[in-house]
Amino acid sequence: MNALLSTTLTLDTMAPFATGTDTPHPVNGSPKIEANASDITVLSSSRAVVEDRLTAATIVVSTITGKITSIFHSVLPESSFPPGTPYNDYSPHVLLPGLVDAHVHLNEPGRTEWEGFWTGTRAAAFGGVTTVVDMPLNAIPPTTTVAGLKEKIAAAQGKCWVDVGFYGGIIPGNTEELKPLVKEGVRGFKGFLIDSGVEEFPAVSSIDVAKAFLVLADEPTTVMFHAEMIPPISASVGDDVQWSLPPLEPTGPLDRYQTFLDSRPASFETYAILQILSLAHLAPRLPLHIVHLSAIEAIPMLRAARELGVKITAETCFHYLSLAAEQIKEGDTRHKCCPPIRDQANQDGLWDEMLDVKDSVIKTVVSDHSPCTPNLKLLPAHVPGAQESPKASCAPRAGKGDFFGAWGGISSVGLGISILWTESMRRSLDVDETLLNISRWCCVNTARQVGLEDKKGALKVGMDGDIAIFDDEAAFEVQSSTMLFRNKCSPYQGKTLRGVVRETWLRGRRVHSRVGGFVEKGGPSGHLLLEPRVKA
Ligand SMILES: NC(=O)NC(NC(N)=O)C(=O)[O-]
Ligand SMILES: [Zn+2]
Ligand SMILES: [Zn+2]
């Protein structure tokens with residue numbers, strides 16, 4: 001280790017962990033790094049998020065293993081490295097870990113016209129996301145069997161611009177498939193407690209959940225729920241309690257957002273979460289997770305459960321942190337998702353939980369990118385995106401602007417970091433703290449949620465050289481050229497977002513730069529992340 005204090009460092013670029021990891025600022029001039037110039041690449045900046053702190057950093061990545069071999073807490077000059085070493089000083093832009101978006105629907109095979117591996121992962125790469133984890137539904141077949149997973153894997157080959165992991169699904173009757181899916185490398189499971197929107201992925205009952213908990217109790221996985229459920233009492237009219245009101249029944253004009261919001265109240269989320277918690281004792285060691293938490297009313301019960309030792313966490317989404325019901329115009333179904341975007345006070349409450357609470361129950365922020373063809377959004381002519389609809393692949397079931405008939409799902413993969421940055425700056429949050437928060441919510445914690453914490457989500461020696469170069473001063477307009485997902489239909493369209501991802505690096509190779517576009521030579525280099533999880 002004395003070598004660290006001398007001026008010459010030798011890097012063993014083949015080794016997953018380098019000898020020199022963290023050197024003090026060079027005292028007598030710059031250190032000299034000995035390595036084969038073609039075996040390493042160097043990225044540096046006056047600002048980087050390295051292991052939960054903002055620091056100057058020089059990051060050396062092996063181009064052979066794709067791993068980070070050393071990190072120096074200063075900007076070493078190019079002359080520190082052998083002549084010909086690829087070297088980029090990005091100061092003052094920020095080096096961040098590539099984002100891990102742990103909730104994306106890629107929909108291939110079967111509904112590739114909604115989204116596919118090629119387009120979805122290019123949109124991710126554009127926005128600094130270097131890993132996406134694909135949800136088990138909306139592709140046909142769904143990932144509820146090993147055979148279904150194999151079809152996914154076959155469909156993904158050679159099409160991924162970033163690394164891709166897969167979730168399995170829990171549906172009635174597939175208990176036998178769950179352990180084999182863990183062995184095949186799924187990163188977790190999702191089940192629905194309410195209609196999923198697609199018939200091949202039915203909701204589970206409490207008996208199905210109990211069976212899944214028992215079979216997965218000691219498996220290295222995370223079981224996640226779409227936590228909305230229709231409570232037995234759905235509405236009260238004055239003093240009169242109305243029993244068994246038809247579920248999700250609209251009580252006003254179908255194109256008014258408030259009508260839709262009223263049809264899926266916070267009680268749907270709290271009731272569903274109570275159901276999950278009531279079964280948690282069946283698998284006390286199994287990590288449980290609530291996907292796309294929207295209602296702040298659910299926070300106290302999650303906090304109480306965690307205090308009692310229940311292993312449960314929650315994620316929220318970019319849209320719940322940036323959009324508000326009051327602002328949604330009549331018929332603008334681009335905003336339809338489930339659970340719904342709630343009011344401004346709810347949005348503020350989510351931020352309060354994440355910022356002010358020491359051990360927030362909301363650990364991660366994800367996109368829940370769940371697109372469809374624009375015709376299924378039933379967009380009225382005045383909403384942007386309506387004119388861009390390709391020919392309808394399926395006849396719309398309802399009138400234009402109908403929030404009940406439109407497909408539920410928001411498109412935003414690759415826009416997340418800029419959405420969070422814009423909203424954080426609007427809230428006048430501290431710049432440095434926001435950079436750390438984004439890295440916690442979208443990198444470190446999402447990687448942990450899906451069992452990738454040994455490879456992804458942090459700039460650390462031994463981790464994959466997945467890096468986003470973030471320009472926090474720039475801004476851009478969301479338009480067709482900046483939404484790289486297949487269907488250019490998103491509530492962010494036309495908005496100006498602050499914070500631009502200048503470049504995205506995957507395992508030590510530049511995948512995309514805002515100036516040069518995609519590095520097409522060699523084609524997509526994303527890996528499928530199928531190595532089974534190990535027990536935490
Ligand atoms: N079938 C879906 O993709 N559903 C998704 N839809 C949303 N979130 O509106 C989801 O994750 O539940
Ligand atoms: Zn869901
Ligand atoms: Zn989803």
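Order of appearance sets the numbers: ligands from 1, and atoms from 1 within every ligand. Computed over heavy atoms, backbone and side chain alike; hydrogens, waters and symmetry mates excluded.
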Is it true that [X] and [Y] have a side-chain N and a carboxylate O under 4.0 angstrom from each other?
| X | Y | result |
| --- | --- | --- |
| D348 | R427 | yes |
| D163 | K456 | yes |
| E269 | R342 | yes |

Review point. Parallel under 30°, tilted from 30 to 60°, perpendicular over 60°: which one fits the rings of H226 and F192?
Key: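 Rings of H226 and F192: parallel, as their planes differ by under 30°.
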**Study point:** Reported CZ-to-CG distance for the pair R187 and L181, which is rounded to 0.5 angstrom
**Key:**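 One finds 13.0 Å between CZ of R187 and CG of L181.
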Exercise for review: Considering non-hydrogen atoms only, spot the tightest contact between I170 and A212 and give its length.
Suggested key: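 Taking I170 first and A212 second, the nearest heavy atoms are CD1-CB, 3.9 Å.
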Practice item. Write down the atom of W118, the atom of G158, and the distance for their closest heavy-atom approach. Key: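 Nearest pair, atom of W118 first, then G158: CZ3-O, 4.3 Å.
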Point to revise | ligand 1: protein residues within heavy-atom distance under 4.0 Å | key: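 Residues near ligand 1: H103, H105, L137, N138, K190, F192, S196, H226, H292, C337, C338, D368, S370, W407, G408, G409.
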Exercise for review: For the Zn ion (ligand 3), find the closest N/O/S atom on H103 and give its atom name.
Suggested key: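 This residue's closest N, O or S atom turns out to be NE2.
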Check your understanding: So, do Y167 and F189 have ring centers that fall under 6.0 Å from each other?
Key ->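 So the answer is no for these two rings.
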Point to revise | W421-F470 aromatic ring centre distance below 6.0 Å | key: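 Yes, the ring centres sit under 6.0 Å apart.
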Review point. Looking only at atom types and distance, does a side-chain atom of S411 sit under 3.5 Å from a main-chain N or O of H369, one as donor and one as acceptor?
Key: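 Such a contact is absent between S411 side chain and H369 backbone.
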Point to revise | Atoms (protein N, O or S; no water) under 2.8 Å from the Zn ion (ligand 2) | key: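 If we list every protein N, O or S atom nearer than 2.8 Å to the Zn ion (ligand 2), we get 3.
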